[in-house]
Amino acid sequence: MDTIWLLTTGGGALLLACAIAYAMLRQRRLTSGEKQAQDASVHQLYRDEQEGPPRPLR
């Protein structure tokens, strides 16, 4: 009975570790163009936030 419990918990931890390693290996880096576009979008969002909420149209 103890062996089954050990295999179950150990196997679950091993399976989780394999899934995390697989996800980390599959993650791709942004190209320089994508990184620049992301930075520009973030700066635009900060500028929009500092200006306040949009005014309603009249």
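FYI, side chains are in, hydrogens and waters are out, and symmetry mates aren't considered; it's all heavy atoms of this structure.
- Connectivity analysis of hydrophobic side chains (ILVMFWY, heavy atoms under 4.5 Å, direct or indirect) links M24 to L16, I20.
- Of the N and O atoms on the side chains of R47 and Q44, at least one donor lies less than 3.5 Å from an acceptor on the other residue.
- Annotation: I4, atom CD1; neighbour count of heavy atoms from other residues, nucleotides and ligands within 6.0 Å does not exceed 12.
- Residues in residues 28-45 take part in these salt bridge (Lys or Arg N to Asp or Glu O under 4.0 Å) pairs, two or more places apart or across chains: R28-E34, K35-D39.
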